[in-house]
> 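Dropping the structure in here first, questions after.
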Amino acid sequence: MKTYWVKTGSIIKRFFKGYVWDVPNSSNTIYLTFDDGPTPEITEWVLGILKQHDIKATFFCIGNNIEKYPDIFKKVVEQGHSIANHTFNHVNGWNTQNDAYLENTDACEKSIERHTGTVYTQKLFRPPYGKIKSAQAAEVRKRGYKIIMWDVLSADFDKTITPQKCLANVTKNTREGSVIIFHDSVKAFPNLEYALPKAIDYLKGKGFNFAALD
């Protein structure tokens, strides 16, 4: 059963206004984001597509994957994309004690800092599954993070939808300022491989510009 929304409604955005759902602008700019990497082969494939189109994106990385695949993570950094925190073990905030959730978030940030050699003052965080308790969110913000959600969810992770539906999720719902989620993961790749290049071509044809979040 479907338990997610593809297009975030205005009521949700207003009710959870402390989160970033989109980035209003006057330059027709949109924001591609990728969750759950770095992942062997798949993240590199994504990087190749982005390089081909001269697009910068934002990668919400899992700390454990950074530790397992530091060379792939290094490629993301070297190619100028924004790096963001997605916890160390992809933990669900609703099912995790607050202290443990924050420790997991801190562990991911330490991985990012260790492998970039940089202590970030402007930091981005996306809760796995979009699930985070209000107390957790408050503490994450105290640590200097913007909490980034989404305006458009490709649903590439959903094995019950076709690649064509994944593409339509993006092309039919993207507007100026949209934050769009794809996943550089094994589970998502059958849909991602089809939808990402075609979505970029379509959105470019509609006059959209692409930028990384900061």
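Computed from a predicted structure; not experimentally measured.
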> If you take all heavy atoms of Gly177 and Asp22, which pair is closest and at what distance?
O-CB, 3.2 Å

> So, does Gln136 use its side chain to make a donor-acceptor pair with the main chain of Leu102 at under 3.5 Å?
no

> State, yes or no, whether a side-chain contact exists between Lys206 and Thr171 at a heavy-atom distance under 4.5 Å.
no

> Can you tell me if Lys51 has over 12 outside heavy atoms packed within less than 6.0 Å of its NZ?
no

> Can you confirm whether Val170 sits close enough to Leu203 that some side-chain heavy atom of one is under 4.5 Å from a side-chain heavy atom of the other?
yes

> Would Lys198 and Tyr194 count as a cation-pi pair here, with the cationic atom under 6.0 angstrom from the ring centre and within 45° of the axis?
yes

> Under 3.5 Å, is there a donor on one side chain and an acceptor on the other for Asn28 and Asn209?
no

> Would you confirm whether Asn104, through its side chain, and Asn89, through its main-chain N or O, come within 3.5 Å as a donor-acceptor pair?
yes

> If we only count heavy atoms from C-beta on, is the Trp150 to Thr33 side-chain gap below 4.5 Å?
no

> Any chance you could lay out the side-chain contact (heavy atoms from CB on, under 4.5 Å) test for Tyr19 and Arg141, step after step, and finish with the verdict?
CA-CA 10 Å; Tyr19 304 153; Arg141 288 194 199 94; 3.1 Å; yes

> Kindly determine whether Lys133 and Asn98 satisfy side-chain contact (heavy atoms from CB on, under 4.5 Å), including the steps that lead there.
CA-CA 8 Å; Lys133 299 171 188 172; Asn98 293 352; 3.5 Å; yes

> Inspect the surroundings of CD in Gln97 and state if more than 12 heavy atoms from other residues, nucleotides or ligands are less than 6.0 Å away.
no

> From Thr174 OG1 over to Asn169 CG, what is the distance, rounded to the nearest 0.5 angstrom?
9.5 Å

> Does Lys187 qualify as a cation-pi partner of Phe157, given the criterion of NZ or CZ under 6.0 Å from the six-membered ring centre and within 45 degrees of its axis?
no

> Report the C-alpha distance between Ile181 and His183 in whole Å, list the side-chain angles of each, state the deciding distance to 0.1 Å, and finish with yes or no for side-chain contact (heavy atoms from CB on, under 4.5 Å).
CA-CA 7 Å; Ile181 298 184; His183 293 78; 3.5 Å; yes

> Under a 3.5 Å distance rule, please check whether Ser154 uses its side chain to pair with a backbone N or O of Asp156 as donor and acceptor.
yes

> Look up atom CG in Asp35 and atom CZ in Phe60, then write down how far apart they are to the nearest 0.5 Å.
6.5 Å

> Quick one: do Ile180 and Val6 end up in the same hydrophobic cluster if we chain Ile, Leu, Val, Met, Phe, Trp and Tyr together by side-chain heavy atoms under 4.5 Å apart?
no

> Return the minimal non-hydrogen interatomic distance between Ile55 and His81, and the atom names on each side.
O-CE1, 3.3 Å

> Looking only at non-hydrogen atoms, find the nearest pair between Ser185 and Thr39 and report the distance.
CA-OG1, 4.0 Å

> Side chain of Trp5, backbone of Val152: donor and acceptor closer than 3.5 Å?
no

> Ion pair present between Asp158 and Lys165, side-chain N to carboxylate O less than 4.0 angstrom?
no

> Once rounded to the nearest 0.5 Å, what's the spacing between atom CG of Asp106 and atom CD of Glu113?
9.5 Å

> Val186 and Ile161: same hydrophobic cluster, using ILVMFWY side-chain contacts below 4.5 Å?
no

> Quick check: closest heavy atoms across Cys108 and Gly63, and the distance to 0.1 Å?
SG-N, 3.6 Å

> Quick check against the 3.5 Å criterion: does Asn92 have a side-chain atom that pairs as donor or acceptor with the backbone of Trp94?
yes

> Taking 4.0 angstrom as the limit, do Arg143 and Glu109 come out as a salt bridge?
no

> How about Tyr101 and Pro127: do any of their side-chain heavy atoms sit closer than 4.5 Å?
yes

> Please confirm whether the backbone N or O of Ala100 pairs with a side-chain atom of Glu103, one donor and one acceptor, at under 3.5 Å?
no

> Find the distance between CD1 (Ile112) and OG1 (Thr118) and round it off to the nearest 0.5 Å.
10.5 Å

> Looking at Ala211 and Thr29, what are the two nearest heavy atoms and their distance?
CB-CG2, 3.7 Å

> Transitively linked via ILVMFWY side-chain contacts under 4.5 Å: Val77 with Leu50?
yes

> Would Thr43 and Asp184 count as having a side-chain donor-acceptor pair, cut-off 3.5 Å?
yes

> Is the ring pair Phe34/Phe182 parallel, tilted or perpendicular, if the boundaries are 30 and 60 degrees?
parallel

> Does Glu139 pair with Lys142 as a salt bridge, N-O distance under 4.0 Å?
yes

> Examine Tyr69 and Trp45 and state if one hydrophobic cluster contains both, with Ile, Leu, Val, Met, Phe, Trp and Tyr joined whenever side-chain heavy atoms are less than 4.5 Å apart.
no

> Any side-chain heavy atom of Lys13 within less than 4.5 Å of one from Thr8?
yes

> Does His115 use its side chain to pair, donor to acceptor, with the backbone of Pro70 at less than 3.5 Å?
no

> Taking atom CG of Asp214 and atom NZ of Lys146, what is their separation to the nearest 0.5 Å?
5.5 Å

> Compare all side-chain heavy atoms of Leu47 with those of Val76 and state whether any distance is below 4.5 angstrom.
yes

> Using the benzene-type ring in the case of Trp, are the ring centres of Tyr129 and His90 under 6.0 Å apart?
yes

> So, for Ser27 and Asn25, which heavy atoms are closest and what is the spacing to 0.1 Å?
N-OD1, 3.0 Å

> For Lys68, does the NZ atom have more than 12 heavy-atom neighbours from other residues, nucleotides or ligands under 6.0 Å away?
yes

> Can you establish whether the number of heavy atoms outside Gln164 located under 6.0 Å from its atom CD is more than 12?
yes

> Looking at CD1 of Ile83 and CG of Leu213, how far apart are the two atoms once the value is rounded to the nearest 0.5 Å?
12.0 Å

> Are Asp151 and Lys7 within salt-bridge range, i.e. N to O under 4.0 Å?
yes

> Where do Phe208 and Tyr31 land on the ring-ring contact (aromatic ring centres under 6.0 Å, His included) test, with the steps shown first?
CA-CA 10 Å; Phe208 288 107; Tyr31 304 85; over 10 Å; no

> Should Phe210 and Ile30 count as side-chain neighbours, where that means a heavy-atom distance under 4.5 Å?
yes

> If hydrophobic clusters are built by linking Ile, Leu, Val, Met, Phe, Trp and Tyr wherever their side-chain heavy atoms come under 4.5 Å apart, do Leu153 and Ile12 end up in the same one?
yes

> Could you tell me whether the side chain of Ile72 reaches within less than 4.5 Å of the side chain of Pro40, counting heavy atoms only?
yes

> Taking atom types as modelled, find out whether Thr58 and Arg126 have a side-chain donor-acceptor pair closer than 3.5 angstrom.
no

> Apply side-chain contact (heavy atoms from CB on, under 4.5 Å) to Thr105 and Phe88, showing your working.
CA-CA 6 Å; Thr105 300; Phe88 194 86; over 6 Å; no

